[in-house]
Chemist: 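Before I ask anything, let me first share the structure, which is written out below as structure tokens.
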Amino acid sequence: MTTPFPGAPTAAAPPPSPPEPQERRRRWPIVVTVAVMGFFVILLLGTVIRLPYVIFSPGSATPVDPIVRISGAPTYPHRGNVLFLTVSVSRERPNVWRYLVAEADDDSDVIGEHDYLQGASRSTVQKENVVAMDDSQLAAKKVALERLGYTVVATGKGALVEQVLKHGPAAGHLHDGDVITAIDGQPIQLRDEVGTAVRAKPAGTTFVFTVKHKGATRSEAVTSAKAPAGELRGKPYIGIGAGTVGLKLHFPVGVTIDPGAVSGPSAGLAFTLTIIDKLSPGNLTGGKNVAVTGTMELGGTVGEVGGVPQKTAAAIDAGAKLFLVPTAEAREAKARAGSAMKVVGVNSIDDALRALRRNGGDPVEKVAPKAAA
């Protein structure tokens with residue numbers, strides 16, 4: 001055997017032989033197992049990881065009539081229903097898969113948690129929505145009964161500031177415990193009067209608030225802005241949560257509304273119309289199912305609600321052919337409804353009643369006994 005001398009070229013090593021078919025068959029289960037394990041790891045991570053977003057998706061369209069009870073006055077049977085609409089709002093941070101599904105859904109909106117909460121906790125926002133539902137019922141009862149000829153007396157001693165959003169327009173100007181007694185010199189007795197005054201002028205308007213706190217009175221200039229999220233999204237707001245100091249409403253007729261777990265103020269107009277329908281003869285909706293959304297102020301004004309695309313989708317799914325919506329949000333509703341449903345914008349309870357009349361509904365007459373008027 002000859003040994004090559006140092007530095008002499010050597011022959012190249014032969015290439016490795018390809019794996020035998022049997023060897024490849026042994027490797028295949030390993031590849032499949034790794035791939036399956038990787039898939040389940042990704043699936044698990046997508047389920048466990050939570051993202052800081054809030055998802056708004058279509059909710060339900062529910063007849064109001066069964067949840068309203070009347071006592072102390074005659075009621076009348078009627079055909080057709082007023083449907084109140086809800087938006088499904090995620091109560092906790094969505095996981096990755098829920099987030100991706102919502103982003104791909106044209107009827108869902110996804111917004112940042114910070115923009116939605118504005119420095120508040122989710123539980124605080126929920127509590128505020130419960131209070132707003134209670135207030136919407138009071139306003140609905142008052143407006144409906146007054147439209148039917150009854151006298152309802154509402155009194156208060158100002159709007160108590162219960163929360164100031166951390167990044168809202170009122171931050172640094174108004175504080176928890178302040179009582180708003182006037183805006184631009186006009187007296188404020190009730191909480192609703194604050195929102196009515198602010199939304200009566202465009203975002204960017206500066207208002208002078210007269211405020212009392214622990215016996216001292218001061219003036220604060222607050223400039224409104226467009227709400228970044230929530231039911232007032234895009235509308236003028238100052239970023240406070242408030243209640244009425246010493247609110248008293250005296251109703252001549254007993255009205256009970258039980259909406260279940262639903263919260264928020266957006267069913268106010270639907271409640272109002274249903275109370276009127278139950279207490280007056282004829283068919284307010286013309287025997288049809290009519291979808292309705294809008295807040296109800298104590299003075300009869302209909303306010304914006306937010307979540308209109310989702311509510312429009314819910315109304316269409318319920319088969320409604322007419323949708324009453326705050327005028328400022330009618331264009332948004334029409335864009336989503338297309339030819340599937342007629343959309344009418346309203347600014348007040350009287351606008352809503354006229355719209356129903358044009359849709360075949362019966363006129364509303366005063367039914368209160370003269371002694372109660």
Side-chain angles (χ1 to χ4, degrees), residues 58-86 136-137 139-150 251-260 262 266-296 300 302 305 311-326 330 333-334 337-369:
S60 61
T62 306
V64 182
D65 189 88
I67 67 174
V68 175
R69 299 285 185 272
I70 305 291
S71 62
T75 58
Y76 301 86
H78 55 266
R79 294 180 291 107
N81 279 293
V82 171
L83 307 176
F84 80 92
L85 308 168
T86 64
S136 75
Q137 293 184 24
K141 296 174 189 179
K142 176 179 182 293
V143 173
L145 293 175
E146 288 178 337
R147 186 62 182 75
L148 293 169
Y150 292 95
F251 297 113
V253 175
V255 181
T256 302
I257 304 173
D258 182 10
V262 178
S266 65
L269 176 58
F271 292 160
T272 306
L273 293 173
T274 300
I275 295 169
I276 292 174
D277 204 10
K278 291 178 78 80
L279 284 169
S280 58
N283 298 303
L284 190 64
T285 66
K288 308 176 183 72
N289 287 343
V290 177
V292 176
T293 192
T295 66
M296 179 54 60
V302 174
V305 294
K311 291 176 181 177
T312 306
I316 294 172
D317 288 344
K321 298 302 180 183
L322 175 65
F323 184 21
L324 302 186
V325 64
K334 290 177 180 178
S339 60
M341 180 175 62
K342 182 180 180 181
V343 175
V344 177
V346 297
N347 289 316
S348 67
I349 182 61
D350 289 332
D351 285 350
L353 293 174
R354 282 191 290 268
L356 292 175
R357 185 78 177 92
R358 290 193 299 268
N359 196 54
D362 292 323
V364 176
E365 300 177 0
K366 305 288 187 182
V367 297

Chemist: Atom CD1 in Ile316, atom CZ in Phe323: separation rounded to 0.5 Å?
Modeler: 9.0 Å

Chemist: Just so I know, are the side chains of Pro369 and Tyr150 near enough to count as touching, which here means a heavy-atom distance under 4.5 Å?
Modeler: yes

Chemist: Distance check, rounded to the nearest 0.5 Å: Arg69 atom CZ versus Thr75 atom OG1?
Modeler: 11.0 Å

Chemist: Just how far is it from atom OG1 of Thr256 to atom CD1 of Ile70, taken to the nearest 0.5 Å?
Modeler: 8.0 Å

Chemist: Quick one, Thr272 with Arg147, criterion side chain to side chain contact (heavy atoms under 4.5 Å, CB included). Give me CA distance, side-chain angles, the key distance, then yes/no.
Modeler: CA-CA 10 Å; Thr272 306; Arg147 186 62 182 75; over 6 Å; no

Chemist: Could you tell me if the side chain of Leu322 sits less than 4.5 Å from the side chain of Lys288, heavy atoms only?
Modeler: no

Chemist: How far does CG of Asn359 sit from OG1 of Thr285, to the nearest 0.5 angstrom?
Modeler: 8.5 Å

Chemist: Considering non-hydrogen atoms only, spot the tightest contact between Ser136 and Gly268 and give its length.
Modeler: CB-CA, 4.2 Å

Chemist: Please round to the nearest 0.5 Å and tell me the distance separating atom NE2 of His78 and atom CG of Leu279.
Modeler: 10.5 Å

Chemist: Tell me if a side-chain donor or acceptor on Lys141 pairs with a main-chain N or O of Val255 at a distance below 3.5 Å.
Modeler: yes

Chemist: Between Ala314 and Gly59, which heavy-atom pair has the shortest distance, and what is it?
Modeler: CB-O, 3.8 Å

Chemist: Less than 4.5 Å apart, side chain to side chain, heavy atoms only: is that true for Ile349 and Leu269?
Modeler: yes

Chemist: With sequence neighbours left out, which residue pairs that include part of residues 352-366 fulfil the salt bridge (Lys or Arg N to Asp or Glu O under 4.0 Å) condition?
Modeler: Asp351-Arg354

Chemist: Is the backbone N or O of Asn81 less than 3.5 Å from a side-chain atom of Asn289, with the two atoms forming a donor-acceptor pair by type?
Modeler: yes

Chemist: On a heavy-atom basis, which atom in Pro281 and which in Val367 lie closest, and how many Å separate them?
Modeler: CD-CG1, 4.2 Å

Chemist: Quick one: closest heavy-atom pair of Ser280 and Tyr76, and the distance?
Modeler: C-CD1, 3.5 Å

Chemist: Run Val302 and Met296 through side chain to side chain contact (heavy atoms under 4.5 Å, CB included) and show every step you take.
Modeler: CA-CA 5 Å; Val302 174; Met296 179 54 60; 4.0 Å; yes

Chemist: Quick one: does Asp65's side chain get under 4.5 Å of Asp277's, heavy atoms only?
Modeler: no

Chemist: Under the 3.5 angstrom rule, does the side chain of Thr86 hit a backbone N or O of Ser60 as a donor-acceptor pair?
Modeler: yes

Chemist: Say you draw a straight line from OG1 of Thr274 to CD1 of Ile257; how long is it, rounded to the nearest 0.5 Å?
Modeler: 8.5 Å

Chemist: Go through the structure and list residues passing salt bridge (charged side-chain N to carboxylate O under 4.0 Å, His left out) with Asp317, not counting sequence neighbours.
Modeler: none

Chemist: Which heavy atom in Val253 sits nearest to a heavy atom in Ser71, and how many Å separate them?
Modeler: CG1-O, 3.3 Å

Chemist: Do the non-hydrogen side-chain atoms of Pro326 and Thr293 ever get within less than 4.5 Å of each other?
Modeler: yes

Chemist: Any idea which heavy atoms bring Val290 and Leu324 closest together, and the distance?
Modeler: CG1-CG, 4.2 Å

